[in-house]
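In the text below, chain A, chain B and the rest are named by the order of the sequence lines, each starting its count at 1.
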2 protein chains.
Amino acid sequence: MVVQMRDSITAIGPCGTCAQCLHCEARSRSICSVIDPEHMSLLDQYSHRLVITSGKTFIQEGEAASDFFIVTSGHAKLFALMPDGRRQITGFAQSGNFLGLASGATYAFSAEALGPLSLCRFSRTGLSTLRREFPKLENRLMEEASCELVQAQKSMLLLGRKTARERLASFLLEQHQRSLTKARVTQLPMSRTDIADYLGLTIETVSRTLNALQREKLISIAQVTQITLNDLPALEILARGG
Amino acid sequence: MVVQMRDSITAIGPCGTCAQCLHCEARSRSICSVIDPEHMSLLDQYSHRLVITSGKTFIQEGEAASDFFIVTSGHAKLFALMPDGRRQITGFAQSGNFLGLASGATYAFSAEALGPLSLCRFSRTGLSTLRREFPKLENRLMEEASCELVQAQKSMLLLGRKTARERLASFLLEQHQRSLTKARVTQLPMSRTDIADYLGLTIETVSRTLNALQREKLISIAQVTQITLNDLPALEILARGG
DNA sequence: ACGCTATCTTGATATGGATCAAGGCACGTC
DNA sequence: GACGTGCCTTGATCCATATCAAGATAGCGT
């Protein structure tokens, strides 16, 4: 059962027989991991799969916050805009991440697909029902909120007090940690412009600083989006500022 | 029942007969507002009153996050430090505010009293018990976390993309809104250094920018800590950046 | 009231990162 | 394989804010 919505958003709706949640590639990393496989059907009932094309905005700042999302594959960027176009990316989301906590009645941020993206959508009321049904979800959601708050405070320190070099080192280490691999090669899903808007810098400064770090042998830039961290300890010292 | 702890922290412990929570000056503004007066005694049982002297650090970044706090009177600043002393204040807390959500196993921030401060302390386990006992608390805590996340995203935009003038205008409006009065005179509980560390600026820039806003008649600085917002619409336009 | 100290303001100068302006490179199209 | 078209890099210059350096104020204790 596939339903076409608007121009580029495809909804693959609930389906009693195919039990999607059970085989969800993001389940172990998402809030759904607290729900036993035997109750998966209720999860299926209140969730909908979406596929989003690259570059599409699927959450619009200021609109009624009626849905929550879990990223099941791909990457997204979350951002806030100023009237003159200045942009601050407040975070990147990947498989398993829960989106929508930073909202009151309306969304406090916009979200856009960084490449092809699949999502799982919950309506506000649907999630409420699930929370009542599975008290463990409450704890998991609070955990999720706590992690986001901790991350937000790190970003505030970075944006308010770190130099460009320290910001790039922090960013590269964060990306490396999120990649979940031990390999020191990190594949970046975002452009230089996105990195700049995440770190509160300009694209030129990002480019210059990355190349400076490469000249100092701290990193190697194989391709634009593929960076090797050659000296993790040195990068960590740089990132934390001494 | 008054228990003296360390040098300057006074604990006024649970007391079966005086029913403190019922008369708590912060109750209507705190998470406790969701609990009926008839159940107040359970709240008393799991909470402890503390009085903190000005300047004392009562939450230390990196220490085991064993307690949560509610500010019952006074103001506190929350901050993160870098090894060389650079500081980012991530928020200010006042009566009713809940502290401790931005924590995993350890606190992600430090907190210090801005002037005399009273707190209500909950142990992690005590709060867990209360959450089980009063499901409404879950919703209220999630609300609290959402508000903090929204606020954090606003701070990220401010720190990453706004000019000094825009930051000061945003700050003054935020303080004005928090004061809960309609009067256009705002009494600031924090020093210029704190404002600078909150806005990612230096104390000199804060001073110069405030005086520039005064010269332009947007504000009046009666005393250092007492500022009148003369032109709210203009300040709002400035704060949002056009 | 006096002086001590911390905080704030103001001025002069420096600088990290922004802005302006060309190139270079990769990738897709015809 | 030439030609676009979007990134990305590199260079030259500028400027908003930091830094350095005095003063000015305001509490506060004696």
Could you check how far [atom1] of [X] sits from [atom2] of [N], rounded to whole Å?
X: A:L114; N: D:dC7; atom1: CG; atom2: P; answer: 13 Å
X: B:N211; N: D:dA24; atom1: CG; atom2: P; answer: 16 Å
X: B:L213; N: C:dT9; atom1: CG; atom2: P; answer: 12 Å
X: B:I221; N: D:dT25; atom1: CD1; atom2: C1'; answer: 14 Å
X: A:M190; N: D:dG6; atom1: CE; atom2: P; answer: 23 Å

Between A:E216, A:R215, A:Q214, which is the residue that forms a side chain to side chain contact (heavy atoms under 4.5 Å, CB included) with A:L218?
A:E216
Qualifying residue, where the test is side chain to side chain contact (heavy atoms under 4.5 Å, CB included) with A:L188 and the options are A:V224, A:I195, A:L114:
A:I195
One thing to verify: whether A:R167 and A:E174 come together as a salt bridge, which I'm taking to mean a side-chain N less than 4.0 angstrom from a carboxylate O.
no
Pair B:E204 + B:R192: basic N to acidic O under 4.0 Å
no
Strictly under 4.0 angstrom, non-hydrogen atoms only: write out the protein contact profile of nucleotides 15-27 of chain C, one letter per nucleotide from the 5' end, B, S or -.
--SSBB-------
Output every pair passing side-chain hydrogen bond (donor to acceptor under 3.5 Å, both in side chains) with a member in residues 150-159 of chain B, not counting sequence neighbours, ordered by first then second residue.
none
Overall bend - the helix from C:dA1-D:dT30 to C:dC30-D:dG1, comparing terminal axes fitted on five pairs, nearest 10 degrees
40°
Can you list the residues that meet the side chain to side chain contact (heavy atoms under 4.5 Å, CB included) rule with B:R29, with sequence neighbours excluded?
B:S95, B:L180
Quick one about B:Q187 and B:T225 (side-chain donor to acceptor, distance below 3.5 Å, no hydrogens or angles considered), yes or no?
yes
Does the side chain of B:S73 come under 3.5 Å of the side chain of B:S118 through a donor N or O and an acceptor N or O?
yes
Using a strict heavy-atom distance below 4.0 Å, which residues from residues 76-92 of chain A are in contact with DNA chain C?
none
With sequence neighbours left out, what residues match B:K77 under salt bridge (Lys or Arg N to Asp or Glu O under 4.0 Å)?
B:E112, B:D194
Within the 6.0 Å centroid threshold, strictly below: A:F109 and A:F79:
no
Axial cation check for B:F69 ring with B:R121, 6.0 Å and 45° limits
no
